[in-house]
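Values below: every heavy atom of this structure, side chains too, minus hydrogens, waters and symmetry copies. We count ligands from 1, going down the list as the structure has it; atoms in each ligand are counted the same way. Treat the numbers as computed from the prediction; the structure is a model and nothing was measured.
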Amino acid sequence: MKEQIKLLVELQNKDHAIDSLRRKLREGPERLQELAGELQRLEGNLENDKERVQELKKAQRQHEAEIEDAVAHIKKSRGRLMNIKNNKEYRALIREIEETERGNADKEDKVLACLEQLEKLNEQIEAGEKDLSARRDHIKSEEITIGKETDHVEKELSDMDGSRAELMQSIDSQLIVKYEQIKTWSGGIAVALVNNATCAECHLSIPPQMYNELQRQDALKLCPNCQRIIYWKAAQPTT
Ligand SMILES: [Zn+2]
């Protein structure tokens with residue numbers, strides 16, 4: 001039994017190493033996905049900025065066309081002033097010209113505001129495009145790095161799976177069934193070390209008689225509290 005428990009601990013160590021390799025295998029693609037998501041978000045922002053530029057340019061053109069029309073209208077009205085004899089009509093037309101001029105001043109302010117926003121947006125777009133291109137380069141180099149890492153980890157994993165299968169052949173099949181069952185409900189740790197008469201997983205003090213028996217290592221013992229297979233310190237493999 002002593003030898004069997006020792007092999008079981010070895011199996012557990014291997015299983016943990018395999019789990020951590022599998023986690024590593026998932027990390028690369030997850031990281032790439034995260035980067036691609038970020039890139040997509042930035043591309044969306046840039047697209048919005050570009051659309052906003054088109055809208056502002058359109059608004060600017062519209063204000064400018066309206067100003068031009070108003071200027072032509074004012075010119076025509078000034079021409080009409082010469083022929084008006086009626087005082088009331090004359091004043092009304094003057095008032096209309098003044099109103100149109102005020103309207104034009106407002107529109108000129110709007111054109112200026114458009115130009116200011118356009119300048120800011122164009123700077124933002126330029127910076128955004130630089131950032132995007134840097135990020136695309138970064139993703140490309142990450143893909144290469146992760147690809148190499150993945151090859152390496154896959155090789156390690158396949159070696160580890162092979163040596164695990166080999167190890168399983170030396171362990172009693174009923175013991176393996178028990179190990180797998182406990183592993184399933186115990187969060188991956190089926191075999192617990194007992195150190196100073198205490199279960200290292202649930203921290204229960206092992207009763208003295210059980211502790212004595214455990215040190216003889218001639219029978220399978222379960223922790224009375226967490227039900228894991230327990231082993232004494234000396235049974236811990238030195239590797
Ligand atoms: Zn325990």
message: Walk me through whether D49 and Q124 qualify under side chain to side chain donor-acceptor pair (under 3.5 Å).
response: CA-CA 8 Å; D49 283 350; Q124 204 168 300; 3.0 Å; yes
message: Set out, in order, the CA-CA distance, both residues' side-chain angles and the distance that settles side-chain contact (heavy atoms from CB on, under 4.5 Å) for E64 and Q60, then state yes or no.
response: CA-CA 6 Å; E64 282 168 349; Q60 182 197 344; 3.1 Å; yes
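Taking 4.0 Å as the cut-off between side-chain N and carboxylate O, E43 and R135 do not count as a salt-bridged pair. The pair E143-K140 does not count as a salt bridge, with every side-chain nitrogen at least 4.0 angstrom from each carboxylate oxygen. For the pair R31 and E34, the salt-bridge criterion is met [side-chain N within less than 4.0 Å of a carboxylate O].
The Zn ion (ligand 1) has C199 SG, C202 SG, C223 SG, C226 SG as its protein N, O or S neighbours under 2.8 Å.
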Indicate every side-chain donor-acceptor pair of residues 65-83 with a distance under 3.5 Å to a residue at least two apart or in another chain.
from : atom 1 : to   : atom 2 : distance (Å)
H73  : NE2    : E96  : OE2    : 2.8
S77  : OG     : H73  : O      : 3.0
R78  : NH2    : E101 : OE2    : 2.8

